[in-house]
Each structure stands twice: as structure tokens, then as C-alpha cells.
Amino acid sequence: MPKKPMVILTETMFYVLMAFGHGEMCGIDIADWIERTTGGRVLIGPATLYTILGKFEKEKYIREISVEGRKRTYVMTEKGKEAYQTELDRLRLCVGDAEAAAKEGETK
């Protein structure tokens, strides 16, 4: 039976796609962007990053656009943009549910 495509992204997967929203990037650019953006709260090691990039390339969320020695540069595809937006919408709903539940708890 074929594997299902990724439905829910991990935190690091989400941040990798978020990074691609700012243009084409190589692995070190992505790791640096995530560290800067999160103030160091989210750090991604090379093994995790390249595993994610491999999965994203296989799912066609990103595509390689250049190779210079060991440096590979990628860009997000339309499918990747859709996956990012779907996860962003899901997370917004989660936060909305949490805020509504907190307000409900305050009234009891």
C-alpha cells in the first residue's frame, strides 16, 4: 500500500517551509533563518534538516534549482505553499480552540 502524503507537519518541518516563503535557500541558510526567526528556540541539526529536505523533495514540496559542489539550493513549489498554508490554518484553529477553552474556564 502506498504511503500517505504528509498531513500534519512537525514543528521543524513547518519552520523549514516557512523559511522557503522568503525565497530560495540552501541548508545552512534555512538553519540560520530558523535560529534567527525563533531567537534560538528552534534549532535544527544537519541530519534532521537534510532528512526533511529529502522528504519535501520526494513529496514535491520543494525542488532543487542549483548545485555548487556540496551546496544544494532549493525553492518551494506550489504544492509546498499549499502544505504550508494548510498547516498554518490548522495551527490557527488549534490556538483559537485553546483561547476559547481558556475563556470558558475563566467563566466557571
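By convention here, the first residue in the shown sequence is residue 1. This one's a predicted model, so the numbers in the text were calculated from it and none came from an experiment.
Atom CZ of R90 sits in a crowded spot, with more than 12 heavy atoms from other residues, nucleotides or ligands closer than 6.0 Å. Within 6.0 Å of CD on E24 lie no more than 12 heavy atoms contributed by other residues, nucleotides or ligands.
Counting only distance, with no hydrogens or angles, the side chain of T77 and the backbone of Y61 share a donor-acceptor pair below 3.5 Å. Within the 3.5 Å criterion, the main-chain N or O of I34 finds a donor-acceptor partner in the side chain of T38.
Annotation for Y50 and I28: closest pair OH-N, 4.3 Å, computed over non-hydrogen atoms. Of all heavy-atom pairs between V67 and E64, the closest is CG2-OE1, 3.3 Å. Taking each heavy atom of T73 and C26 in turn, the nearest pair found is OG1-CB, 4.1 Å. In terms of heavy atoms, A19 sits closest to I30 at CB-CG2, 4.3 Å. Closest approach of A83 to L17, counting heavy atoms only: CB-CD1, 4.3 Å.
Remark: K60 NZ to E78 CD distance equals 15.0 Å, nearest 0.5 Å. M76 contributes atom CE, which lies 8.0 Å from atom OH of Y84 (distance to the nearest 0.5 angstrom). Here CG of L9 is found 10.5 Å from NZ of K55. Values are rounded to the nearest 0.5 Å. The CD atom of E57 sits 8.0 Å away from the CZ atom of R72 when rounded to the nearest 0.5 Å. Rounded to the nearest 0.5 Å, atoms CG (D32) and CE (M25) are 9.5 Å apart.
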Assess whether side chain to side chain contact (heavy atoms under 4.5 Å, CB included) is satisfied between K81 and F20, documenting all intermediate values. CA-CA 9 Å; K81 290 174 186 175; F20 280 118; over 6 Å; no
Going through the distances and angles, do Y15 and I44 end up as a side chain to side chain contact (heavy atoms under 4.5 Å, CB included)? CA-CA 10 Å; Y15 276 103; I44 187 167; over 6 Å; no
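Through direct or relayed side-chain contacts under 4.5 Å between Ile, Leu, Val, Met, Phe, Trp and Tyr, V75 connects to I65.
A search for side chain to side chain donor-acceptor pair (under 3.5 Å) contacts involving R70 returns nothing, not counting sequence neighbours.
Side-chain contact between E87 and M18 is absent, with no heavy atoms from C-beta onward closer than 4.5 Å. Between L88 and F14 there is a side-chain heavy-atom pair separated by less than 4.5 Å. When side chains are defined from C-beta on, Y74 counts as touching L53, because their heavy atoms get closer than 4.5 Å.
Note on I52 and L91: same hydrophobic cluster, where clusters join Ile, Leu, Val, Met, Phe, Trp and Tyr whose side-chain heavy atoms are under 4.5 Å apart, directly or indirectly.
A salt bridge is defined here as a Lys NZ or Arg NE, NH1 or NH2 lying under 4.0 Å from an Asp or Glu carboxylate O, and E82 with K79 fails to meet this definition.
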